[in-house]
Amino acid sequence: MALTDFLPSEYGYVVLVLVFYCFLNLWMGAQVGMARKRYNVPYPTLYAIESENKEAKRFNCVQRGHQNSLEMMPMYFILMILGGMKHPCICAGLGLLYNITRFFYFKGYSTGDPMKRLTIGKYGFLGLLGLMICTISFGVSLIRG
């Protein structure tokens, strides 16, 4: 039996939304790389030190926006993968919401004012909450048989 025999055909939307996030993550990583050059922060330095670099806060905000997205990625991916098995269209929509808010979270953070990450970025947690509910629903349906 093929894997597609067990997954709803709409699960393809979940896969595409996850791939979209991968492209977003690559773009954020490239932004960090460009910020390294712009603010003179060489590898392997993870965060710039303000006493050594007058642009440290600006670079650190770009770096932190990407780092936070990396920290959230495992939870986001597992919720999408599992919740999408029962609720693929809902999870794809919630995942798309999360992806869009992550873009704005990063763009806001990258301004150098950390509070700007929350203007639109704060709504990403609604997407995660919805994904948690879908994944709980999937888990309960497995237990009930």
Side-chain angles (χ1 to χ4, degrees), residues 3-4 6-143:
L3 184 60
T4 55
F6 298 102
L7 295 172
S9 60
E10 295 86 1
Y11 195 77
Y13 295 121
V14 172
V15 172
L16 293 176
V17 170
L18 287 172
V19 171
F20 173 55
Y21 189 85
C22 291
F23 282 111
L24 178 61
N25 183 52
L26 289 171
W27 175 80
M28 286 187 280
Q31 299 305 302
V32 173
M34 289 188 289
R36 284 189 175 283
K37 291 178 186 172
R38 186 177 321 121
Y39 303 122
N40 195 29
V41 180
Y43 287 104
T45 305
L46 187 58
Y47 292 103
I49 300 169
E50 291 187 29
S51 63
E52 298 174 4
N53 185 331
K54 64 182 175 122
E55 298 288 352
K57 182 178 180 186
R58 187 74 188 255
F59 171 77
N60 290 344
C61 283
V62 175
Q63 170 71 348
R64 189 68 205 125
H66 182 236
Q67 185 66 35
N68 182 265
S69 295
L70 291 172
E71 292 164 3
M72 299 297 289
M73 189 186 314
M75 179 174 54
Y76 168 60
F77 271 46
I78 199 70
L79 292 173
M80 283 285 289
I81 291 166
L82 294 176
M85 289 181 184
K86 182 171 183 187
H87 305 285
C89 293
I90 295 170
C91 285
L94 291 167
L96 194 56
L97 169 69
Y98 183 77
N99 290 354
I100 292 166
T101 60
R102 269 286 122 177
F103 170 80
F104 287 105
Y105 182 95
F106 179 81
K107 289 295 284 183
Y109 220 149
S110 295
T111 65
D113 179 359
M115 291 308 294
K116 289 185 179 176
R117 75 192 192 282
L118 301 175
T119 305
I120 295 173
K122 65 185 170 194
Y123 298 109
F125 289 99
L126 294 174
L128 284 178
L129 178 62
L131 290 170
M132 287 178 198
I133 292 167
C134 288
T135 303
I136 290 168
S137 170
F138 176 58
V140 169
S141 71
L142 288 175
I143 292 168

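Quick note: residue numbers are just sequence positions, from 1. Keep in mind the model is a prediction, meaning the values are calculated, not measured. Only this structure's heavy atoms are used, side chains among them; waters, hydrogens and symmetry mates stay out.
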Backbone N/O of [Y] and side chain of [X]: donor-acceptor pair under 3.5 Å:
| X | Y | answer |
| --- | --- | --- |
| Tyr11 | Ile81 | yes |
| Thr101 | Tyr123 | no |
| Thr111 | Lys107 | no |
| Arg36 | Val41 | yes |

Rounded to the nearest 0.5 Å, how far does [atom2] of [Y] lie from [atom1] of [X]?
| X | Y | atom1 | atom2 | answer |
| --- | --- | --- | --- | --- |
| Asn25 | Phe106 | CG | CZ | 10.0 Å |
| His87 | Ile133 | NE2 | CD1 | 10.0 Å |
| Met34 | Gln31 | CE | CD | 3.5 Å |
| Leu131 | Phe125 | CG | CZ | 12.5 Å |
| Leu46 | Asn60 | CG | CG | 8.5 Å |
| Ile78 | Met132 | CD1 | CE | 12.5 Å |

If you compare all heavy atoms of [X] against all heavy atoms of [Y], which two are closest, and at what distance to 0.1 Å?
| X | Y | answer |
| --- | --- | --- |
| Thr135 | Leu82 | CG2-CB, 3.9 Å |
| Ala92 | Val17 | O-CG2, 3.6 Å |
| Gly112 | Arg58 | CA-CD, 3.8 Å |
| Ala35 | Val62 | CB-CG1, 3.9 Å |
| Gly84 | Val14 | CA-CG2, 4.0 Å |
| Leu94 | Gly130 | CD1-C, 3.4 Å |

Stepwise side-chain contact (heavy atoms from CB on, under 4.5 Å) check, Tyr47 with Gln67: CA-CA 11 Å; Tyr47 292 103; Gln67 185 66 35; 3.6 Å; yes
The test is side-chain contact (heavy atoms from CB on, under 4.5 Å); show your working for Tyr105 and Tyr109 and say whether it passes. CA-CA 6 Å; Tyr105 182 95; Tyr109 220 149; 3.7 Å; yes
Can you find a side-chain donor-acceptor pair between Asn99 and Tyr76 that sits under 3.5 Å? yes
Could you tell me if Arg102 and Asn68 have a donor-acceptor pair between their side chains, going purely by distance under 3.5 Å? yes
Take Leu96 and Tyr13 through the test side-chain contact (heavy atoms from CB on, under 4.5 Å) and record every step on the way to the result. CA-CA 10 Å; Leu96 194 56; Tyr13 295 121; over 6 Å; no
Take a 6.0 Å sphere around OH of Tyr39 and say whether it holds more than 12 heavy atoms from other residues, nucleotides or ligands. yes
So for atom NZ, which belongs to Lys116, do other residues, nucleotides or ligands contribute more than 12 heavy atoms lying within a distance under 6.0 Å? no
Residue pair Pro114 / Lys57, side-chain heavy-atom distance below 4.5 Å: yes
Please walk me through it: do Arg38 and Phe59 pass side-chain contact (heavy atoms from CB on, under 4.5 Å)? CA-CA 9 Å; Arg38 186 177 321 121; Phe59 171 77; over 6 Å; no
